[in-house]
Amino acid sequence: MQASADSTRMECFWSNWKCQAIDLLYWRDVKQTGIVFGSVLLMLFSLTQFSVVSVIAYLALAALSATISFRIYKSVLQAVQKTDEGHPFKNYLDIEISLSQEQIQKYTDCLQVYTNSIVRELRRLFLVQDLVDSLKFAVLMWLLTYVGALFNGLTLLIMAVVSMFSLPAVYDKYQAQIDQYLGLVRTNMNTIVAKIQAKIPGAKQKE
């Protein structure tokens, strides 16, 4: 019964987390999204100037300074007012964050499924099960060599974060126009791929 209750709570937690993530990416609460977006960007830009260890240490010190100061402030306030409100972070300390064996097994199984799927796909591409797909993958890797020459991993991560917080909102606002152009691009790409497949011996047509 306890494991079932824990599983239910964890499912609710992940469901709420997904909803909150969607709300953040779509700027449903501008203030909250701005704080998260600004904090992530600040951390990433900090990593361009300092080492990962230094950034983690400074962030930990900043968080500890805030929580210790607030704890001391509340303790002094309770002493002056002669009240007994208890620990100021009691509500957060009481939150259960441990994972049961059943939950760990569930997420491990999901990870295993994704890992196996990726390995099978890479095997298919590298061993040229489908010539056209392998060629497309080779072109993608070739393009990434130029991307890697222009940007380092951290710069790409910053660009990815900016895209995550901007593209969903733009798509949500201009969905009809974007879908129209994407449909045209997809049709042209399918036509080109079909012509290439028709000219390459041994390349099988996809249904």
- Would you sort out whether Tyr26 and Thr33 count as a side-chain contact (heavy atoms from CB on, under 4.5 Å), showing the intermediate values? CA-CA 9 Å; Tyr26 281 90; Thr33 301; over 6 Å; no
So, [X] side chain and [Y] main chain: donor-acceptor pair closer than 3.5 Å or not?
| X | Y | result |
| --- | --- | --- |
| Ser117 | Val113 | no |
| Ser46 | Val55 | no |
| Ser69 | Ala66 | no |
| Ser54 | Phe50 | no |
| Asn116 | Gln112 | yes |

May I ask you to check whether Thr155 and Asn152 show a side-chain donor-acceptor distance below 3.5 Å? yes
message: Between Asp23 and Asp29, is the side-chain contact (heavy atoms from CB on, under 4.5 Å) condition met? List the steps.
response: CA-CA 7 Å; Asp23 290 341; Asp29 187 332; over 6 Å; no
(Q) For a side-chain contact (heavy atoms from CB on, under 4.5 Å) check, start with the C-alpha distance between Leu41 and Phe165, then their side-chain angles and the critical distance, and finish with the verdict. (A) CA-CA 11 Å; Leu41 276 185; Phe165 280 90; over 6 Å; no
From the list Ile158, Val52, Leu42, side-chain contact (heavy atoms from CB on, under 4.5 Å) partner of Leu47 resolves to Val52
Check: Taking everything shown except Tyr171 itself, do over 12 heavy atoms lie less than 6.0 Å from its OH?
Finding: yes
Which label fits Phe89 and His87: parallel for a plane angle under 30°, tilted from 30 to 60°, or perpendicular past 60°? tilted
Exercise. Quick one: are Tyr107 and Leu111 in side-chain contact, heavy atoms under 4.5 Å?
Worked result: no
